[in-house]
**Q** 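Here it is, the structure in full.
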Amino acid sequence: MDYIKEIAKIVKIDGYTADDIEKMIVLPKELSLGDYSLPCFRFAKELKKSPAQIAIELANTTVKNGIIKSVTAVNGYLNFTIDKAEFTKNTILTILKEGQNYGSSDIGKNRVICLDYSSINIAKPFHIGHLSTTVIGASLYRIFNKLGYKSEGINHLGDWGTQFGKLITAYKLWGDKNDIEKRGVKSLLDIYVKFHQEAEKDEKLNDQGRYWFKKIEDGDKEALSIFEWFKEITLKEVQKTYDRLHIHFDSYAGESFYNDKMQAVLDALKQKGLLEESDGAMVVKFDNGDPPCLVQRSDGATLYATRDLAAAIYRKNHYDFYKCLYVVAYQQNLHFRQVFNVLKMMGYDWSNDLVHVNFGMVSLEDGAMSTRKGNIVFLEDVLDNAVQKAYGIIEEKNPNLDDKKATAEKIGVGAIVFSALQNNRIKDTVFSYDKVLNFDGETAPYVQYTYARCCSVLAKTGEIEGDVDFSGVENNEALELAKLLDKYPQTIIDASVKYEPSLVTRLVMDTAQMFNKFYLEHRINDENQAIKNARIMLTQATKIVIEDGFRLLGIQCPTKM
RNA sequence: GGGUCUGUAGCUCAGAUGGAUAGAGCAAUGCCCUUCUAAGGCAUGUGUCGGGGGUUCGAUUCCCUUCAGGCUCACCA
C-alpha cells in the first residue's frame, strides 16, 4: 500500500492530485510487466493524445525515487517496477519482528463486537447444518479480537417453546432415564420423533404438550426440573464438540433469558404508536413494501421477532456494542430486516450497527436435511470419520509419528472446519463425505502439511548464524511469497469489514501453495550460510503467517505429520 | 405473483473500488524423491464469464431487461 502512495506522489498529470492517481493504480497480470501500473486511457480525451503517447511521455518525465526501480510505457500503461529485494527483505523483517502479533492492530480499541452464533436448540442434535454458523462466528470472534476489538460470543440458545412441553410429555410416556443419561440428545430425539408419530394418531397428545409447556411457563417445579435436566444434558454434550472445535462462548443467554423482557418491548412499541392490531394479532407495519412484523399472537403469546427485539435492546444496554452480528443462515433475511427496521422506527439509531451475517444452506445429496425425517448427518460423526481417515493416512505415510492420535484429531477436525470456511459465506453447499474427506489440493491438510514442512526444514537448518545475504530470496517464488505474506494484515481487516473469514482462508491457502513452489525451486538448507539465513527467515515468516491465519480460522497446525 | 440471493472450465469455486492473453483445486494423462516431509511440485486441455441490450477508450465487474435455480412472503424458530 505504501508503494502505491509513493507512486502516486511522483506521477505528475495536470488536473489530477496524488489521491486521484492513487485510486487509479492497478496490479498488472504479468509479473514481467511490472509490480504496479497506471492505465493512461482516461487521460486521452483531455490531453488530446493517444494513451500510448501519454504513457511514453510520462515514462520519460517521471522522476524515480528510492523504492521505484523503473518506469516503463507499454501499450498505454505506465508500469512501475519496485526494488524487489528491498521489498522482500522488509516484509520478512517486519514479520519476524512482530511474530505472533503480525497483522494485529488496535483499530478496534474500546469497541465491543457482539457475535450471536451457533445458537443451538436444546434437545436437538448438533448436525452439519450447524457447522457454518458455528465456525464462521467463532472465526469472526478471533478476527475481531486480533484487530483489538473485544468480542463477546453469545450462544443464543433455542430453549423456549411448546416443543419442550411435547418433549416432557414424551418423556413421561416413553422416556428412559438411564438411556437419556447414556445416549443424551440422541435418546431425546428418539422420543421426540415418537411423539410426532403418535400425535398424528392421537390429537390429545398435543394438548398434553401444551399443558406441560404451560407448566414450564408457570414455573412448575417438576416441569422445570425436567426441562433443566434436558438443557444440562444438551449443553454437556455439545460442549464436547465445542472443545474439539476450540470454540468459546461468553454467554449462553438464550430465548428463555428474554421471557421477562418482552412485555417492555410491547409497551414501548405501543407507546410509540407503532403497534397495530391485525386479525387479532399485534403487528408493526412498514412502508418499504415488506410484510408486517408479527410481535404478538392473537392468543397473547410473543414470537421470535419479539424475542430478538428484546435481545437487541438488552445487548445494547448490557454491552454497548459497536456492532452486533447475527451469524444466521440467509433463510432469515426477511426476519432480521424486519427486526432491524422495527428498532430503527423505535428511534434507536444503533439499529444501523446490527448486521445479519448470513450464509448459504447445507443440503445432503438426497435433498434437504430434516430432523423429523431423520435425514441428518451428525457433526460428531463427520468429525470422527475425518479423524479416522487422517489416522489411516498417518499409519500409511508416517507410522513412526509420536502422537498419532492428537495429530489425526488436528488434521481431521481441521479438514472439516476448513471446508466450511473456504468459500464465500453466501454459497449453498451440498454435503458429501467424498468431498469433505478428500485431503488433497485446497484443503486444511495441505496447508498443515506445508506448515509441518516448514517446521521440519527449520529443525534441519538450525539457527541463523552470521551475516544474512538477502540475494537468497531474490527470485520470483520468494517475491511472490513475500507479496502474499505482506497482504496478511490487510486481509484480516478486509475479512472483518466484509465479515468474511474465507478471505483469510484463501490467503493462507495461496501462501502455502507459493511456499511449496519456493521450496521445490530453492534449497533452504543451502551450503552458503548467508544465503541459507535469508531462506530460513522467509520460512520462519511463512510459518508465522500460516499458523496465525489458521488460528483465526480455528484450525490447529501440527508440527509433524 | 412480490421481495431477495445465486448463475464463471466436466465438477467445486476465486476473480478489491471497471483495466493488458479470465484463474485455482478436484477429476484425466505424463513426468519429478542417491540433498530440506512426494499429504508435495511440474507439464498437457476445455470457457457464447446464463442470454440480450446499454454506459465507457475499455465490462465477468456498473445499469436495464430476460431466462434458470435457491430462499422467503402473519400467528414455528
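Lettering of chains follows the sequences in order, A, B, ..., and the numbering in each one begins at 1. Basis for what follows: all heavy atoms, side chains included, without hydrogens, waters or symmetry-related copies.
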**Q** Is the Lys NZ or Arg CZ of A/K166 less than 6.0 Å from the centre of A/Y192's six-membered ring, within 45° of the axis?
**A**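 Verdict for A/Y192: no cation-pi partner in A/K166.
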**Q** Ignoring backbone atoms, establish whether A/Y449 has a side-chain N or O less than 4.0 Å from OP1 or OP2 of B/rA39.
**A**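 Checking A/Y449 against B/rA39: at least one side-chain N or O falls below 4.0 Å of OP1 or OP2.
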**Q** Is A/K435 close enough and on-axis enough to A/F431, meaning under 6.0 Å and within 45°, for cation-pi?
**A**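 No cation-pi geometry.
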**Q** Any side-chain N or O of A/K45 less than 4.0 Å from the OP1 or OP2 oxygen of B/rC57?
**A**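 So the side-chain polar atoms of A/K45 do come within 4.0 Å of the phosphate oxygens OP1 or OP2 of B/rC57, strictly under.
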**Q** Would you check if A/Y519 stacks with the base of B/rG41, given a 5.5 Å centroid limit and a 30° plane limit, both strict?
**A**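 It does not: the two rings, one from A/Y519 and one from B/rG41, miss the stacking criterion.
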**Q** Does a nitrogen or oxygen in the side chain of A/R506 sit under 4.0 Å from OP1 or OP2 of B/rG15?
**A**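 Affirmative; the distance criterion is met.
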**Q** Sort me out a list of protein N/O and nucleotides 71-74 of chain B N/O pairs below 3.5 Å, or just none if empty.
**A**
residue : atom : partner : partner atom : Å
B/rA74  : N1   : A/S278  : OG           : 2.8

**Q** Counting only N and O atoms by type, is there a donor-acceptor contact under 3.5 Å from the side chain of A/R425 to the main-chain atoms of A/Y499?
**A**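 Confirmed, A/R425 side chain pairs with A/Y499 backbone.
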**Q** Taking for each residue the nucleotide of RNA chain B with the nearest heavy atom, is it A/N516 or A/D510 whose nucleotide lies nearer the 5' end?
**A**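 Result: A/D510.
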**Q** Would you tell me if any nitrogen or oxygen in the side chain of A/Y451 comes within less than 4.0 Å of OP1 or OP2 on B/rG40?
**A**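 For B/rG40, OP1/OP2 do not have a side-chain N/O of A/Y451 under 4.0 Å.
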**Q** For A/R523, answer base if it contacts any base atom (sugar-phosphate contacts may also be present), sugar-phosphate if it contacts only those atoms, and nothing otherwise; contact means non-hydrogen atoms under 4.0 Å.
**A**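 Since a base atom lies under 4.0 Å of A/R523, the category is base.
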**Q** How is A/P51 classified with respect to the nucleic acid when contacts are heavy atoms under 4.0 Å: base, sugar-phosphate, or nothing?
**A**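 Answer is nothing: A/P51 stays at 4.0 Å or more from every strand.
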**Q** Considering only B/rA77, B/rG25, B/rA39, which nucleotide approaches the side chain of A/R307 most closely?
**A**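 Closest nucleotide among those given: B/rA77.
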**Q** Counting only side-chain N and O atoms of A/K397, is one of them less than 4.0 Å from OP1 or OP2 of B/rA39?
**A**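 Result: yes.
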**Q** Taking 4.0 Å as the cut-off, does a side-chain nitrogen or oxygen of A/K124 come that near to OP1 or OP2 on B/rA77?
**A**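 A/K124 to B/rA77 OP1/OP2: no side-chain N or O under 4.0 Å.
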**Q** When you compare the side chain of A/N475 with that of A/H522, does any pair of heavy atoms fall below 4.5 Å?
**A**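 Yes, side chains in contact.
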**Q** Check the phosphate of B/rA14 against A/K427, side-chain N and O only, distance under 4.0 Å to OP1 or OP2. Yes or no?
**A**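 True: A/K427 side-chain N/O within range (under 4.0 Å) of B/rA14 OP1/OP2.
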**Q** By the rule that syn is within 90° of 0, classify the base conformation of B/rC33 as syn or anti.
**A**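 You should classify B/rC33 as syn.
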**Q** So what does A/T491 touch, heavy atoms closer than 4.0 Å: a base, only the sugar-phosphate, or nothing?
**A**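 Nothing, no nucleic acid heavy atom in range.
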**Q** Taking for each residue the nucleotide of RNA chain B with the nearest heavy atom, is it A/G441 or A/G158 whose nucleotide lies nearer the 5' end?
**A**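 Going by which nucleotide is closer to the 5' end, it is A/G441.
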**Q** Using O4'-C1'-N9-C4 for purines and O4'-C1'-N1-C2 for pyrimidines, with syn meaning within 90° of 0, is B/rA16 syn or anti?
**A**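 Base orientation relative to the sugar is syn.
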**Q** Hey, does the side chain of A/R42 come within less than 4.0 Å of B/rG18's phosphate (OP1/OP2), counting only N and O?
**A**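 So the side chain of A/R42 is outside the cut-off, no N or O lying under 4.0 Å from OP1 or OP2 of B/rG18.
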